[in-house]
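We count ligands from 1, going down the list as the structure has it; atoms in each ligand are counted the same way. Note that these values count all heavy atoms, side chains included, but never hydrogens, waters or copies made by symmetry.
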Amino acid sequence: MHIATNTRPVILTGDRTTGPLHLGHYVGSLKSRVALQCSHEQFLLLADTQALTDNAGDPEKVRRNVLEVAIDYLAVGIDPTLTTICVQSALPALAELTLLYLNFVTVSRLERNPTIKTEIQQRGFERDVPAGFLCYPVAQAADITAFKATVVPVGEDQAPLIEQTNEIVRRMNRQIGRDVLVEAAAMVPKVGRLPGVDGKAKMSKSQGNAIPLSASSDEIRDAVRRMYTDPDHLRVCDPGKVEGNVVFIYLDAFCEDRQFVEEMKAHYRRGGLGDVTLKRHLEDVLQALLAPIRERRAHYAAEPDYVMGIVREGTRKARERTEATLAELRSALGLFSLT
Ligand code: TRP
């Protein structure tokens, strides 16, 4: 049993604790985490320290969402006996590794990171970027390497961060003269980034175009009704466009019955399939997906002490793991030791 545990490849991924998770997280990452937890040793990081890099003025929100995101994990089927759930800010080794790695990264390299460039624009930071925000890719490299993770399931927007992590790994290993740290591979889902219900590039709570995992059945129905389709598809008998049609993007992402989706696409293209009927199909799919998640969510939300117990136990385990990597690195670098 122990041997098997130790040879499973390690996954580390996480989420900023800024709000409850939504369908974009589900297709982008949560679904594969549930599938991978048997074959991998999986750690999920409640990234509260990273959340503070652009929410420093609202630590209460960041703290509250540690519990909310943990509940989301359990509700989608993360099994705490298979997956370790832990809190970033309670793992001091991560902060220490970040500080060491910062010496192996240039400011211009950080400023060139495409993910960061976009995020700085989105947040309107312009010249007033918090230093912690600019440097969060280094902290994320600390997260990944502290667990010696080789697989990091993330959305495609995070791929440049994994690239930067591996640069740090190579730079550190070269400095030390042997491979203490291991490189990681991003595991990007086949389904691209899920657009918001308004058709905007990304589903995001702050854009108000997200369907949270906790959505009630009325909220799901309203969201699907508001969904952007083909603006030129005016009459049912008109041929409609499938490409860029949000309803079809969602059906591709969530409907298991591929053949049915292909038939609907053909029908929509040739005309005769109305938006109302099409949306009813999608609504059925989403209601069926979210109903059991919502139920389990309510169950865990009523037991916050139980959930926090899981989080504390996971954090203890993660502490041991991350401290071990830090100790190894400190000794390899020949840093001062009290003992
Ligand atoms: N950056 C991720 C997000 O925005 C959260 C995160 C923090 C993460 N540390 C990580 C993801 C390490 C993968 C690996 O949600």
Residue portion contacting ligand 1 (non-hydrogen atoms closer than 4.0 Å) for Thr13: both
Within the 4.0 Å heavy-atom cut-off, what Val154 brings close to ligand 1 is side chain
Indicate yes or no: does an N/O atom of Gln88 lie under 3.5 Å from an N/O atom of ligand 1? no
Gln50, portion touching ligand 1 at heavy-atom distance under 4.0 Å: side chain
Is the Phe248 ring parallel, tilted or perpendicular to the Tyr268 ring (thresholds 30°, 60°)? perpendicular
Closest non-hydrogen protein atom to atom 6 (C) of ligand 1, residue and atom name please, with distance? Gln140 OE1, 3.6 Å
Counting each atom of ligand 1 from 1 as listed, which ones have a heavy atom of Ala47 under 4.0 Å away? 7 (C)
Parallel, tilted or perpendicular: rings of Tyr306 and Tyr300 (30°, 60°): parallel
CD/Glu320: more than 12 non-hydrogen atoms of other groups inside 6.0 Å: no
Does the gap between the ring centers of Tyr136 and Phe133 come in under 6.0 Å? yes
Which protein heavy atom lies closest to atom 4 (O) of ligand 1, and at what distance to 0.1 Å? Arg16 NE, 3.4 Å
Taking atom types as modelled, is there a side-chain donor on Glu126 or Gln121 under 3.5 Å from an acceptor on the other? no
Identity and separation of the nearest protein heavy atom to atom 9 (N) of ligand 1: Asp143 OD2, 2.7 Å
Among Leu12, Ile144, Thr322, side-chain contact (heavy atoms from CB on, under 4.5 Å) partner for Phe43: Leu12
Quick one: which ligand 1 atoms are inside 4.0 Å of a heavy atom on Val152? 13 (C), 14 (C)
Of Thr13, Leu36, Ile11, Val152, which meets side-chain contact (heavy atoms from CB on, under 4.5 Å) against Met187? Leu36
